[in-house]
Amino acid sequence: MRVVLWAAILVIGYRGVTAIVLNETPASSKSTAATSAPSAPSAPAFPVTLGEAFALQFGQVYLNFSPAGATQRAQELAAFIPANVAAVDPQFGWNGAGTSRLQSEQVAGIDVGSAQAAVVTLLTMVNGRLMELGVPLYANGGALVVSAEPALFPAPPAASAPATQVASSDPAAQSELSSQLPAFFQAYASGDQATLKRYLAPGVSLGGLGGAVRFGSIASIAVPRGGATRDITVTVNWVLPGQVRAGTPELATSYDMSVIDLQSGRWYVREIRAATQPMGTQ
């Protein structure tokens, strides 16, 4: 038994030394090549970006119609609908009476059913009314077609803004800012960087409106109590230049602003952005 045991130990040691010297590796039960089967090519997905663009172009034609432009409309629709449908219904559902005018449209979403089918939803303004249009599409080999007549849906309902608690105001700071901010907004409207820089906090860079509007007045300003840095809300009446009509055309817009007091009552602007406070809480 001792002879057998020592013989086994010598054989194991010999095999180990041989493997190290010859850099041998144990044979696996299955080769890597055998276990790593080539992956199947992925199926083409629905062309979302192209489909949305296609639906927008279709909406431009579909939602604009009048008897005077019926012939041109039919010709343009032929680029979007199946040829057999265009042959029997060139106006694609319109009976030839009345008029419709598309004023604006945007992609509101897309519901992809498969690699070949999807419905693009357009948010549109037609004849002064907001509505949605569902456009069914079929895709195959890079080609697209409107596969069925579109569907009209109501526009998203208007949401009710949440009620928020009004912070206590700081009359002293509000008075200071009410006298200082008009000069800032005048410079902001003109876009004059040399003038605008005088009202900005150190290190802040801000582009102006380049004369697109003129400053009219500050309609309201909300300044909560706090330290040297405050987040305030300002409503500005902008004057629309270059319009000859009775009265002065104005547009009210609201801003959230971060301001800092650097000189005992002299406030400087750190940031200006769109207001997020619900109306009636400012």
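For the numbers below, each heavy atom of this structure counts, side chains included, while hydrogens, waters and symmetry mates do not.
Note: the hydrophobic cluster containing Met131 also contains Leu133 (ILVMFWY, side chain heavy atoms under 4.5 Å, direct or indirect links). Both Val146 and Leu56 are part of a single hydrophobic cluster, where members link through side-chain heavy atoms under 4.5 Å apart. In terms of hydrophobic clustering, with Ile, Leu, Val, Met, Phe, Trp and Tyr side chains grouped at heavy-atom distances under 4.5 Å, Leu50 and Val135 are assigned to a common cluster. Leu206 and Val236 fall within the same hydrophobic cluster, where Ile, Leu, Val, Met, Phe, Trp and Tyr residues are linked whenever their side-chain heavy atoms come under 4.5 Å apart, directly or through other members. Hydrophobic clustering (ILVMFWY, side-chain heavy atoms < 4.5 Å, transitive): Phe153 and Val126 are in distinct clusters.
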### Query
Where do Val204 and Tyr199 land on the side-chain contact (heavy atoms from CB on, under 4.5 Å) test, with the steps shown first?
CA-CA 10 Å; Val204 174; Tyr199 305 101; over 6 Å; no
### Message
Let's go through Val145 and Leu137 carefully: what are the C-alpha distance in whole Å and the side-chain angles of both, what is the deciding distance for side-chain contact (heavy atoms from CB on, under 4.5 Å) to 0.1 Å, and is it a yes or a no?
### Response
CA-CA 6 Å; Val145 71; Leu137 299 178; over 6 Å; no
### Message
Walk me through whether Leu152 and Glu132 qualify under side-chain contact (heavy atoms from CB on, under 4.5 Å).
### Response
CA-CA 6 Å; Leu152 290 174; Glu132 290 186 351; over 6 Å; no
### Task
List the steps and the verdict of salt bridge (charged side-chain N to carboxylate O under 4.0 Å, His left out) for Arg230 and Asp261.
CA-CA 9 Å; Arg230 311 283 182 93; Asp261 183 358; over 6 Å; no
#### Entry: Chi angles and distances behind the side-chain contact (heavy atoms from CB on, under 4.5 Å) call for Ile221, Thr233
CA-CA 6 Å; Ile221 179 170; Thr233 301; over 6 Å; no
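Within 6.0 Å of CD on Gln193 lie more than 12 heavy atoms contributed by other residues, nucleotides or ligands. Few gaps surround CD on Glu149; more than 12 heavy atoms of other groups in view lie less than 6.0 Å from it. Summarising the local packing, CZ of Arg129 is surrounded by 12 or fewer heavy atoms from other residues, nucleotides or ligands at distances under 6.0 Å.
Inter-residue side-chain proximity for Asp231 and Pro224 is flagged as unmet; no heavy-atom pair is nearer than 4.5 Å. Counting heavy atoms from C-beta on, the side chains of Thr71 and Gln91 never come closer than 4.5 Å. Contact check for Phe46 versus Leu144: side-chain heavy atoms found under the 4.5 Å cut-off. Residues Leu63 and Thr124 meet the side-chain proximity criterion, which asks for heavy atoms closer than 4.5 Å. Contact annotation: the side chain of Leu181 approaches that of Ile232 to within less than 4.5 Å [non-hydrogen atoms, C-beta and beyond]. Val239 is listed as a side-chain neighbour of Thr248, based on a closest heavy-atom distance under 4.5 Å. Arg198 is not listed as a side-chain neighbour of Phe184, based on a closest heavy-atom distance of 4.5 Å or more. In this structure, the side chains of Asn237 and Phe215 stay at 4.5 Å or more apart for every pair of heavy atoms.
Residue pairs satisfying the side-chain hydrogen bond (donor to acceptor under 3.5 Å, both in side chains) criterion with at least one member in residues 50-69, sequence neighbours excluded, are listed as follows: Gln60-Glu105. Among pairs with a residue in residues 176-190, those fulfilling side-chain hydrogen bond (donor to acceptor under 3.5 Å, both in side chains) read Glu176-Trp267, at least two apart in sequence or across chains.
When all heavy atoms of Ala187 and Thr195 are compared, the closest pair comes out as CB-CG2, 3.8 Å. Between Thr99 and Pro67, the closest heavy-atom pair is CG2-CD, 4.1 Å. Closest non-hydrogen pair, Leu123 versus Pro156, comes out as CD1-CD, 3.8 Å. Nearest heavy atoms, Val213 versus Ala189: O-CB, 3.4 Å. Taking each heavy atom of Pro47 and Ala139 in turn, the nearest pair found is CD-CB, 3.9 Å. For the pair Pro182 and Ile218, the tightest heavy-atom approach, listed with the atom from each and the gap, is CD-CD1, 3.9 Å.
The backbone N or O of Ser169 lies less than 3.5 Å from a partner atom in the side chain of Arg225, making a donor-acceptor pair. When atom types are taken as modelled, the side chain of Asn127 and the backbone of Ser100 share no donor-acceptor pair closer than 3.5 angstrom. In terms of modelled atom types and a separation under 3.5 Å, the side chain of Asp170 and the main chain of Ala173 share a donor-acceptor contact. Without hydrogens or angle criteria, Glu250 side chain to Leu240 main chain gives no donor-acceptor distance under 3.5 Å.
Taken from OG1 in Thr276 to OH in Tyr255, the straight-line distance is 14.5 Å, to the nearest 0.5 Å. We find the CG-NZ distance between Asp192 and Lys197 to be 12.5 Å, quoted to the nearest 0.5 Å. Taken from CG in Asn140 to OG in Ser147, the straight-line distance is 12.5 Å, to the nearest 0.5 Å. Of the inter-residue distances, the one linking Ser258 atom OG with Glu271 atom CD reads 5.0 Å to the nearest 0.5 angstrom.
Ring orientation note: the planes of Phe80 and Phe58 are nearly perpendicular, at an angle over 60° on the 30°/60° scale.
Tyr268 belongs to a hydrophobic cluster whose remaining members, ordered by chain and number, are Ile260, Leu262; membership requires side-chain heavy atoms of ILVMFWY residues under 4.5 Å apart, directly or through intermediates.
Paired with Val112 under the rule side chain to side chain contact (heavy atoms under 4.5 Å, CB included), one option of Val48, Val120, Val119 passes, and it is Val48.
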